[in-house]
Number of protein chains: 2
Amino acid sequence: MATGRTHRPATRSRGIPEATVARLPLYLRALTALSERSVPTVSSEELAAAAGVNSAKLRKDFSYLGSYGTRGVGYDVEYLVYQISRELGLTQDWPVVIVGIGNLGAALANYGGFASRGFRVAALIDADPAMAGKPVAGIPVQHTDDLEKIIQDNGVSIGVIATPAGAAQQVCDRLVAAGVTSILNFAPTVLNVPDGVDVRKVDLSIELQILAFHEQRKAGEESAADTALPAAAAAAARKASADQGPDGDVPAVMPA
Amino acid sequence: MATGRTHRPATRSRGIPEATVARLPLYLRALTALSERSVPTVSSEELAAAAGVNSAKLRKDFSYLGSYGTRGVGYDVEYLVYQISRELGLTQDWPVVIVGIGNLGAALANYGGFASRGFRVAALIDADPAMAGKPVAGIPVQHTDDLEKIIQDNGVSIGVIATPAGAAQQVCDRLVAAGVTSILNFAPTVLNVPDGVDVRKVDLSIELQILAFHEQRKAGEESAADTALPAAAAAAARKASADQGPDGDVPAVMPA
DNA sequence: ATATGTGAATCAGTTCACAGCG
DNA sequence: CGCTGTGAACTGATTCACATAT
């Protein structure tokens, strides 16, 4: 194996690991903050601390983009901001549609994070005829019937789904058919999409369940889970947060 | 070196990989749907398809929980629902507070995903005195001043931060000091927490930037198919702000 | 002297492929 | 048989540690 095809051309922007891509926005945010404070340069150590990662990882990440630092000195903040922005495709304008203007959709439309950084809410779409024409975040809601036309007229390639779960796949199919190739899904459903379409999901319920898992573990670390405790011990367990062993173990057991 | 932190090879299958934990809610959702349709058993193949993963991964995941399947048959739906629920800590009640009742916080309070599965919105907290007493999703908003008391009175161990970025760390510190040990952060900030506190973040802006990265690459790839000449056809899509402009370097990226 | 950039080592997660059980 | 459960191989990500450049 490994005959041939393994070596990548060392040119930048080819083959950046997914995990690295996912951290670039984090670095960018930290750098932007530094830029606003007119900090001219930053070391991998400092920047890593600001982004909440370790410095070796950060350097490795940046090495995939190219050699943008200066040995013995650090990284030029402005220059890095520009390079990362470009790498992420933020130097261009991305029109986005939000489908499903309920509580969440409306909140997203109003969310500042959308407007910043090259993302522009091009249209809001909802299935409820009563919503049609009503402005949300200053943008009139349009009816689902016109979805395809809206996508095409605005050259939209990124769609946000904030519909109820039951409608999500259907909306997704229509978005994809109309030309959308990236979807951010807030509906609690697994979306099926053809190859070439990226889906990222944001799922509140899943995040909470993951937290609950760890929370449960903290609360009863030694008692096996064989017996489902009635567990109203949550309140009692709270106080245990104060004590944390240095290298752990021997967690306080809390009887109800 | 690194102080050989051997993961605990506990007597039983304690030590479920993080990646597996993150998928359990997905399986649970698929199983719940089957359960509602009164499907008695399901194979790893079918369930994997419903959850959007591959079947080997699913079987491996389940193997960390124990041997809950029957060879030649599959998994008992009801039984698995119970086992996964228990593993995730969903057989108990988790009171949750939401801090920051703006558009997003209100949407979260109204979100159905919260109410289901053992999570209960115990309180809504906001810094705006004008909000105090106003009901959101049927729950009166309380003022930040009372945060500590609210946490303690309700035995809250999971907090959701939906404040503006500037307030998030401060809120986080107070939550942790009051006994919260799991935080779901919607604010676009890296939170610093002591050991023993779990943070998960949900960041719209980051997700969009990741999508933009892939989107940009799709656009650029159509022409650079390794064989074709550098046709200008798809170059139109790629705005080609390729290298630094002759004059200003200042990128026109505005943060928020 | 100092901090980057990167091979090499390590660790985590995924997939394979088949033994083992119903 | 069919389908689970799992060692083994593999792939990807992280961390280490130091040569390298300023």
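Below, read A as the first sequence line, B as the second, and so on, with proteins coming before strands; counting in each chain starts at 1.
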K.L.:
Tell me yes or no: between the side chains of Glu36(B) and Thr32(B), is some donor less than 3.5 Å from an acceptor?
P.N.:
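Per modelled atom types, Glu36(B) and Thr32(B) side chains form no pair under 3.5 Å.
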
K.L.:
Roughly how many Å is it from CG in Leu65(A) to C1' in dT4(C), rounded to a whole number?
P.N.:
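Nearest whole value for this atom pair: 14 Å.
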
K.L.:
Of Val73(B) and Thr70(A), whose closest DNA chain D nucleotide lies nearer the 5' terminus?
P.N.:
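Closer to the 5' end of DNA chain D: Val73(B).
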
K.L.:
Are Asn54(A) and dT14(D) close enough that a side-chain N or O sits under 4.0 Å from OP1 or OP2?
P.N.:
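Checking Asn54(A) against dT14(D): no side-chain N or O falls below 4.0 Å of OP1 or OP2.
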
K.L.:
Which one, dT6(D), dT4(D), dA13(D), comes nearest to the side chain of Tyr75(B)?
P.N.:
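Of the candidates, dT4(D) comes closest.
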
K.L.:
Evaluate whether atom CD of Glu18(A) has more than 12 neighbouring non-hydrogen atoms of other residues, nucleotides or ligands under 6.0 angstrom away.
P.N.:
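Buried by this count: over 12 neighbours within 6.0 Å.
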
K.L.:
So, is Arg59(B) near the phosphate of dC18(C), with a side-chain N or O under 4.0 Å from OP1 or OP2?
P.N.:
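So the side chain of Arg59(B) is outside the cut-off, no N or O lying under 4.0 Å from OP1 or OP2 of dC18(C).
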
K.L.:
Walk me through whether Phe119(A) and Ile158(A) qualify under side chain to side chain contact (heavy atoms under 4.5 Å, CB included).
P.N.:
CA-CA 10 Å; Phe119(A) 298 101; Ile158(A) 301 178; 4.1 Å; yes

K.L.:
Atom CG of Asp61(B) to atom C1' of dG13(C): distance rounded to whole Å?
P.N.:
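Going from CG in Asp61(B) over to C1' in dG13(C) covers 10 Å.
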
K.L.:
dT4(D), OP1 or OP2 - any side-chain N/O from Ser44(B) closer than 4.0 Å?
P.N.:
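Checking dT4(D) against Ser44(B), a side-chain N or O does come within under 4.0 Å of OP1 or OP2.
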
K.L.:
With a 4.0 Å cutoff (strictly under), does any side-chain N or O of Lys57(B) reach OP1 or OP2 of dT14(C)?
P.N.:
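So the side chain of Lys57(B) is within the cut-off, an N or O lying under 4.0 Å from OP1 or OP2 of dT14(C).
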
K.L.:
Please determine, for the side chain of Lys60(B), which listed nucleotide (dA8(D), dT14(D), dG5(D)) has the closest atom?
P.N.:
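Between dA8(D), dT14(D), dG5(D), the one nearest the side chain of Lys60(B) would be dA8(D).
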
K.L.:
Can you find a donor-acceptor pair, distance only, under 3.5 Å between Arg71(A) side chain and dT4(C) base?
P.N.:
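Side chain to base: pair present.
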
K.L.:
Between Tyr68(B) and dC3(D), is there a side-chain N or O to OP1/OP2 distance below 4.0 Å?
P.N.:
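No.
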
K.L.:
Under 4.0 Å between a Lys/Arg side-chain N and an Asp/Glu carboxylate O for Asp203(B) and Arg29(A)?
P.N.:
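Counted as a salt bridge, because a side-chain N and a carboxylate O are separated by less than 4.0 Å.
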
K.L.:
Does a nitrogen or oxygen in the side chain of Tyr64(A) sit under 4.0 Å from OP1 or OP2 of dG12(D)?
P.N.:
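For dG12(D), OP1/OP2 do not have a side-chain N/O of Tyr64(A) under 4.0 Å.
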
